Every structure is written in C-alpha cells, then in structure tokens.
Amino acid sequence: MYKYDAYDQQMVDARVDEFRDQVERRLAGKLTEDQFKPLRLMNGLYLQLHAYMLRVAIPYGTLSGAQMHILADIADKYDRGYGHFTTRQNIQYNWIKLEEAPDLMADLAKVEMHAIQTSGNCIRNISSDHFAGAAADELVDPRPYAELLRQWSSFHPEFMYLPRKFKIAVIASDTDRAAMRLHDIGIQIVEQNGELGAAFYVGGGMGRTPMIAPRIRDFVPLDQLVTYSEACLRVYNRHGRRDNKYKARIKILVHEMGAEEYTRQVEEEFAHLLNQGVEPPLAELERIRTFFEDPAFEDGPKTVDKSDPDFALWVERNTVRHKHDSYVSAVISLKPVGGIPGDATSAQMHLMADLASQYSFDECRVMHTQNIVLPHVKIADLYALWTALNDAGLGEPNLDQVGDIIACPGLDYCSLANARSIPISQQISERFAANGKGDTLGELKLKISGCINACGHHHAGHIGILGVDKKGVENYQLLLGGSEAEDTSLAKITGPGFDEAGIVDAVETTADVYLRERKEGERFLDTYRRIGMAPFKEALYG
C-alpha cells in the first residue's frame with residue numbers, strides 16, 4: 001500500500017495545525033457557526049442530531065494493521081467504543097467533542113491518515129474495487145491509478161468549491177465491485193491493442209435524481225488520465241448549477257446538456273489541456289505503482305477441508321477466488337443477525353488489525369458494502385482465521401445474502417434523515433434468521449436509506465427501502481430491481497409505502513414471490529427482470 005513521503009506528511013500535519021487554530025477560534029467565539037461550518041466540513045466534521053460526526057478518509061478502502069489499530073484507539077479515546085464503516089470505504093465516528101477533534105486529527109496523522117475532503121463541495125475519497133490486487137479477473141491493480149488521482153485532487157485549487165460534492169471510482173475488471181457507473185466519474189482500466197488505458201463514464205449518481213453514467217470515451221491513454229479527468233471537472237465547474245443544490249450534481253448537467261454535447265466540450269477542453277502540462281510525469285505513476293507490487297505469495301494447499309459444516313458454509317459464502325490459487329480473499333461480515341450494519345467495536349477493530357497482520361500481509365480493505373476484507377489469505381490458514389472471527393462475532397456467513405444489509409445511520413444519528421434505517425435492518429435480519437428463508441434465497445442485495453440522499457444506496461438494491469416523512473410519521477417505500485454491478489440498473493418503487501412493521505412484512509412477501517417464481521439458477525434480480533413488477537405488486541397490495 002502507498003506510504004507517505006515527506007511532502008505528504010507535511011501536508012496532513014499542516015492541515016492539523018490549521019484546523020486546531022480554527023477550532024480554537026470557534027470555541028473562543030471568534031468564529032460564528034456560519035463561518036466555521038465550511039471549514040469543519042472540509043475536514044470531515046459534521047454536526048449531527050446529537051453530536052459532531054467525523055468522517056475519516058480511507059483512500060480506495062486500503063488499511064494497514066497499524067492504521068486499523070489507531071482507528072480502534074480513536075473509538076475508545078474520542079467516541080463510545082465503536083466506529084461505523086461506510087459505503088464510501090471510509091469510517092465515521094458519531095460522538096465527537098469539538099474541542100477534542102484536533103487531537104483526533106493529530107492521532108490520525110501519525111499513521112498517515114486524515115479527514116481531508118471527506119465532506120464539502122470538492123472531490124471526495126477516491127474509491128475502488130475492494131478486491132483490487134487480489135482479484136482473479138482484474139486486468140491490473142487499479143489502486144495506483146486511484147492513488148494518482150487522490151494526489152491530483154487533494155487541495156486542487158480549482159476544484160475545492162465545486163457546484164456540489166464529487167465522487168470518483170476506479171476499477172480494472174469487467175466485473176464492477178465498486179458501483180462505478182453510479183459515480184460522478186467512473187473509470188475502468190482497459191486494454192486496447194496491447195496498451196492499457198481508461199474508459200470514462202461520467203454523470204452517474206444516486207440521491208434525489210438517480211442516474212447511470214453514460215460512457216463518454218472508450219479509451220484514454222494512461223499518460224493522459226489526469227488531464228482527461230481535469231477536462232471533465234472543468235466543464236462541470238464551468239456549467240454546473242450553483243443556484244439550486246438539487247440540480248447541482250454533474251449527473252444533472254450531463255442529462256440536461258446531453259451526453260453528446262458534454263463530451264464535445266470535454267474533448268475540446270482536453271485538447272486545450274494537453275498543451276498546458278497538467279499531466280504528472282509518467283515516472284510518478286511508476287513510483288506509485290511500486291507501492292502496490294504483489295506481496296511474497298507462497299505455494300501451498302489449494303483445497304479446503306470442509307468437514308466442519310459451519311466452516312464450510314463460511315468458506316462457500318465469504319471467500320472469493322484469488323489470482324494465486326493457494327490464496328483467497330476472506331470477507332469479514334460486519335452484519336451479525338440483529339446488529340447495526342457497518343458498526344465495529346474497538347475490540348473487533350483491534351482483532352481485525354491483528355488478523356490482517358497475521359494472515360493477510362498486514363493489509364485489510366473496507367468494502368463499499370460496509371464489510372471488511374482480508375485480501376490475501378492462505379487457504380491453509382482459513383480455518384484458524386474463521387475460528388478467531390467466529391469467536392469474536394465476526395464470522396457470519398452472509399456475503400451478498402439477505403442479511404448482508406447496507407444501511408445508512410438514518411434518523412438515529414443524521415440530521416438530514418426522515419426515518420430510521422438501523423431498526424429496519426435489524427428487524428429484517430432477525431426475521432430471515434428466524435424463519436430460515438435467508439438460507440434459501442441466495443444472492444439478494446438489500447439496501448436501506450433514511451432519506452432521499454441515498455447514503456444507503458437503496459436505488460441500487462435488488463430490494464431497496466427508502467424512509468420518508470409522511471405527515472410527521474416514518475414511512476417506507478419499497479423498491480425492486482436495482483443493481484450496482486456491471487449490469488447496473490435503478491430500482492423502481494412498488495407502490496404506496498409501509499409503516500415500520502409493514503415494511504418488514506413487505507420484504508418477506510417479496511422474497512416469497514421470488515421463491516415461488518424463480519427458475520433454477522436464477523438470482524432474485526434475474527427473476528424480477530424476467531417476470532417484472534406485476535406479480536410482486538399483486539402480492540404486496542392485492
């Protein structure tokens with residue numbers, strides 16, 4: 001993984017000092033809240049319902065064991081003993097005291113971490129495939145390109161005050177594990193005539209107006225990657241709506257301008273920028289790439305002893321094929337039955353850090369599905385790893401199952417939310433664990449958001465739930481048919497919403513229709529696409 005040089009460290013240390021001064025002036029009454037708000041947001045500090053929330057950047061989700069240990073220490077020292085891993089491959093702390101925030105930032109800086117640009121109308125944390133560098137199907141490791149873009153976008157003076165927040169994802173496989181086409185810019189590393197380059201998708205996103213990004217260019221040479229990205233941002237910065245925050249995202253610009261005209265202007269800007277020396281030297285990309293070389297893989301057993309049925313089920317569901325046939329990627333579920341999706345206690349974080357050091361070359365990843373993955377685990381070590389996870393309540397075998405729910409913090413924490421997400425996710429996981437249907441459903445991705453901002457990715461769920469306010473009462477809309485994968489689609493609302501008890505029943509009813517109608521080998525999404533909405537609506541509403 002990437003290691004800071006002196007310049008990187010000076011940059012984050014200087015930001016800590018600057019933020020400390022800003023907090024001191026706010027506490028002394030020298031800054032009003034209106035003056036302080038944009039400053040704290042650029043440092044990832046939100047004022048939520050009950051306390052300040054801090055969002056810590058984890059670029060492309062990659063963490064060392066030492067960094068995970070610090071995140072655990074921060075949970076104990078500054079929060080209430082836990083953290084919440086998010087759909088941006090970040091971590092959030094929900095109970096931060098303003099006067100302690102600078103010290104927290106200083107602790108992060110000691111292990112090459114920060115909260116810079118995790119909020120505000122700027123380029124946010126660059127995300128990527130959580131199996132990057134390990135996946136059997138990837139063309140190359142996409143993280144060096146994500147890191148190059150991270151360095152380019154950090155404190156970029158032209159893009160610190162965009163019309164709206166901006167999110168970029170980078171992948172290098174035809175299998176999309178990063179919801180790439182639901183980003184403002186999605187980049188896929190591709191090969192053309194023996195040369196590596198990038199395909200650009202621009203104008204995707206969820207929220208109030210969900211859209212799937214169109215592909216605007218099939219191939220950009222890698223020595224022009226940053227220049228083309230800058231051209232995409234410049235056209236947006238020039239024409240993006242600043243008079244209406246609901247129409248300020250680049251997806252609205254691409255839609256209203258039209259993909260063809262937007263692309264024309266990007267190409268025009270790109271041609272101009274090619275002569276401006278925007279692109280970093282190719283040697284810089286090569287320098288970055290050296291940090292992502294393969295660890296020292298060793299040959300070993302290539303098959304798993306599955307005589308223990310509980311272990312066998314976990315291996316079947318929670319391990320993923322690795323490019324080296326003596327290894328797998330092992331997913332640690334943060335979704336125990338009845339638990340809060342994405343939450344981990346400090347003790348669990350310490351354990352995951354130790355296990356990463358012991359079994360995965362001191363590396364772990366935050367998944368955009370709010371789980372943790374150890375990317376490089378020897379098949380020979382799997383049983384010992386599973387035993388340790390199971391003993392700590394982290395061995396739930398539910399990857400991509402109905403219990404592997406994505407959920408935002410909702411009205412329990414968030415000042416923007418209209419309804420609670422956490423209790424709904426808990427009740428659904430408990431319902432399917434109790435009735436046994438979860439084991440028969442196979443792949444079924446369920447995502448819950450507490451408001452239209454869609455932090456729970458409900459539009460991309462095979463089953464999605466959106467909490468709304470209906471005359472002062474929490475109400476839940478049910479959506480079907482979404483996908484964040486390479487077969488990207490947006491879920492559609494089934495009809496009138498449900499109350500808290502009703503939405504849990506509605507999810508079970510929906511699952512029952514699938515179990516009745518599916519053909520052999522079909523996922524929920526396949527059956528929905530084949531039979532359409534009508535059978536589900538009939539069962540739900542009569």
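Values below: every heavy atom of this structure, side chains too, minus hydrogens, waters and symmetry copies. Keep in mind it's a predicted model, so treat the numbers as computed, not measured. Numbering of residues begins at 1 and proceeds along the displayed sequence.
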So, for Y383 and F311, is the gap between ring centers shorter than 6.0 Å? yes
N-O pairing of R431 and E508 below 4.0 Å: yes
What about the rings of F498 and Y476, do their centers lie closer together than 6.0 Å? no
What are the two closest heavy atoms between I70 and D107, and how far apart are they? CG2-O, 4.1 Å
Within the 4.5 Å heavy-atom criterion, are Q117 and R124 side-chain neighbours or not? no
For the atom pair CD (E138) and OG (S128), what is the distance rounded to the nearest 0.5 Å? 8.5 Å
Here the gap from S489 atom OG to E484 atom CD, rounded to the nearest 0.5 Å, amounts to 9.5 Å
Steps toward side chain to side chain donor-acceptor pair (under 3.5 Å) verdict (Y60, Q89): CA-CA 7 Å; Y60 36 87; Q89 298 182 290; over 6 Å; no
Should the pair R289-D141 be classified as a salt bridge under the 4.0 Å nitrogen-to-oxygen rule? no
Check the angle between the aromatic planes of H350 and H69 and answer parallel, tilted or perpendicular using the 30° and 60° thresholds. tilted
Take L334 and D343 through the side-chain contact (heavy atoms from CB on, under 4.5 Å) test and state the conclusion after the steps. CA-CA 6 Å; L334 300 184; D343 275 15; over 6 Å; no
P295 side chain reached by H376 side chain, heavy atoms, under 4.5 Å: yes
How close do S357 and D362 get, counting heavy atoms only, and between which atoms? OG-OD1, 2.7 Å
May I ask you to test the D174-D137 pair for a side-chain heavy-atom distance under 4.5 Å? no
Is there side-chain contact between Q477 and V468, with heavy atoms separated by less than 4.5 Å? yes
Quick check on R321: does its CZ atom have over 12 non-hydrogen neighbours (other residues, nucleotides or ligands) under 6.0 Å away? no
I'd like to know whether the aromatic ring centres of Y327 and F297 sit less than 6.0 Å apart in this structure. yes
Under the side chain to side chain donor-acceptor pair (under 3.5 Å) rule, what do N43 and R15 come out as? Steps first, then yes or no, please. CA-CA 9 Å; N43 290 281; R15 173 48 70 94; 2.9 Å; yes
Using a strict 4.0 Å threshold on nitrogen-to-oxygen distance, state whether D184 and K167 make a salt bridge. no
Going by an N to O cut-off under 4.0 Å, is there a salt bridge joining D103 and R20? yes
Nearest 0.5 angstrom please: H459 NE2 to T488 OG1, how far? 14.5 Å
Between K437 and D512, does any side-chain N to carboxylate O distance fall below 4.0 Å? yes
Within the structure provided, determine whether K378 and E298 are in side-chain contact (heavy-atom separation under 4.5 Å). yes
Indicate yes or no: does K519 engage E522 in a salt bridge with an N to O separation below 4.0 Å. no
Aromatic ring pairing F524/H462, orientation class (parallel under 30°, perpendicular over 60°, tilted between): parallel
May I ask you to test the C364-M68 pair for a side-chain heavy-atom distance under 4.5 Å? yes
When you measure from the side chain of N318 to the backbone of E396, do you find a donor-acceptor pair of N or O atoms at a distance under 3.5 Å? yes
With sequence neighbours excluded, tell me which residues meet side chain to side chain donor-acceptor pair (under 3.5 Å) with Y46. R55, S119
Criterion side chain to side chain contact (heavy atoms under 4.5 Å, CB included) against N371, the qualifying member of D404, I332, I406: D404
Note: S425 and G339 closest approach over all heavy atoms is OG-O, 4.4 Å
Centroid-centroid under 6.0 Å between Y2 and Y145 rings: no
Given D487, which of R181, R523, K445 fulfils the salt bridge (Lys or Arg N to Asp or Glu O under 4.0 Å) condition? R523
Pair E363 + R143: basic N to acidic O under 4.0 Å: yes
Taking the side chain as every heavy atom from C-beta outward, state whether L382 and W314 have any pair of such atoms under 4.5 Å apart. yes
Neighbour count >12 (heavy atoms, 6.0 Å) for atom NZ, K97: no
Are the side chains of Q188 and L139 in touch, meaning some heavy atoms are under 4.5 Å apart? no
Rounded to the nearest 0.5 Å, what separates atom CZ in R365 from atom CG in L63? 10.0 Å
Of all heavy-atom pairs between T86 and Q370, which one has the smallest distance, and what is that distance? C-CG, 4.0 Å
Using 0.5 Å steps for rounding, measure from the CG atom of L71 to the OH atom of Y82. 15.0 Å
Evaluation steps, side chain to side chain donor-acceptor pair (under 3.5 Å), between E430 and Q426: CA-CA 6 Å; E430 289 168 346; Q426 292 172 309; over 6 Å; no
Lys/Arg-Asp/Glu bridge criterion (N-O < 4.0 Å) met for R420, E500: yes
If you round to the nearest 0.5 Å, how far is CD1 of I493 from CG of L480? 10.5 Å
Under 3.5 Å, is there a donor-acceptor pair between the side chain of S421 and the main chain of G450? yes
Does R518 qualify as a cation-pi partner of Y514, given the criterion of NZ or CZ under 6.0 Å from the six-membered ring centre and within 45 degrees of its axis? yes
Heavy-atom closest pair, residues V373 and H130: CG1-O, 3.6 Å
Derivation and outcome, side chain to side chain donor-acceptor pair (under 3.5 Å), residues D354 and Q358: CA-CA 6 Å; D354 290 337; Q358 186 173 1; over 6 Å; no
Heavy atoms of D499 and N475 approach each other most closely as N-ND2, 4.4 Å
